[in-house]
Amino acid sequence: MARQQELLAEIRAIIHAAPLFQPVMPRTGKPFSVKMSNCGPLGWVSDIDGYRYQPTHPRTGEPWPAMPGMLLELWREHTAYPLPPQACLINWYEPQARMGLHQDRDEEDTDAPVLSVSLGDRCRFRLGTRERKGPTHSFLLESGEVMMLAGANRMAFHGVERIYPATSTLLGRSGRINLTLRRVTRA
DNA sequence: AAGTACCG
DNA sequence: AAGC
């Protein structure tokens, strides 16, 4: 719990420097229901032109804040990957926010696992296979849980079906923060 | 046309 | 209403 509070404080400082932005779907411009920011040398963004990783914030033009040491440690402890993560995507879910089924496929390095940390309210998470219409199952994810998508699951479709408001007091209000650590380039 | 981090 |  104290570790979660400590991590949350780091994330709040990051969001202060690199404000949450509202991504939109490529081509259609439809806004996502989640808000995003990033830390680390690269950040994931989505706008009318497409999905990509870039070194700067789309609105401020500033480099993303540094990745907190705690996250680098988590990566080292949980993945046995030789290279450090380059991007930490911060997804902010208001209670009504969702994330449709998708794959994380904008990374060159698809051997590196994807590591996710949940903070705040519980959510129902859905995990499938590498095929969009493959079978899926869903389960609860709660504050403090660390989930790794590796091996056969690295390219699995996944999404967030629902947030359960007021199921955690960590944030001081309803909502969920998900941190997703990724290695982007190969070397 | 597929495909889809949108949508129902 | 979720789970699909």
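Chain letters run A, B, ... following the sequence lines, proteins first, then strands; residues in each count from 1.
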Once you measure the plane-to-plane angle for A/Phe21 and A/His57, does it fall in the parallel (<30°), tilted (30-60°) or perpendicular (>60°) bin?
perpendicular
What's the CD-C1' distance between A/Gln96 and B/dC6, to the nearest Å?
16 Å
So if I take every side-chain heavy atom of A/Phe32 and compare against B/dT4, B/dG8, B/dC6, which nucleotide ends up nearest?
B/dC6
Mind calculating the distance between CG (A/Leu127) and P (C/dC4) to the nearest angstrom?
13 Å
Measure CZ/A/Phe125 against C1'/C/dC4 and give the value in whole Å, please.
16 Å
Taking the side chain from A/Asp106 and the backbone from A/Arg52, do they hold a donor-acceptor pair closer than 3.5 Å?
no
Look at the aromatic rings of A/His158 and A/Phe125 and report parallel, tilted or perpendicular, splitting at 30° and 60°.
parallel
Under 4.0 Å between a Lys/Arg side-chain N and an Asp/Glu carboxylate O for A/Glu145 and A/Arg122?
no
If you only use heavy atoms from C-beta on, which nucleotide in C/dC4, B/dA2, B/dC6 is closest to the side chain of A/Glu161?
C/dC4
Specify the separation, in whole Å, of atom CE of A/Met25 and atom C1' of B/dC6.
4 Å
Check: A/Gln4/A/Ser143 side-chain N/O donor and acceptor closer than 3.5 Å:
yes
Tell me the interatomic distance from A/Met36, atom CE, to B/dC6, atom C1', rounded to whole angstroms.
12 Å
What is the distance, to the nearest angstrom, from the NZ atom on A/Lys133 to the P atom on B/dA2?
13 Å
When all nucleic acid strands are considered with a 4.0 Å heavy-atom cut-off, which category describes A/Asn178: base, sugar-phosphate, or nothing?
nothing
Separation of A/Arg124 atom CZ from C/dA1 atom C1', in whole Å?
12 Å
Closest to the A/Arg27 side chain: B/dT4, C/dC4, B/dG3?
B/dG3
Between B/dT4 atom C1' and A/Glu131 atom CD, what is the distance in whole Å?
16 Å
P spacing across the pair B/dA2 / B/dC6, given as an integer number of angstrom:
23 Å
Which listed nucleotide (C/dC4, B/dT4, B/dG8) is nearest to the side chain of A/Ser138?
C/dC4
From C-beta outward on A/Lys30, which listed nucleotide comes closest to its side chain: B/dC7, C/dA1, C/dC4?
B/dC7
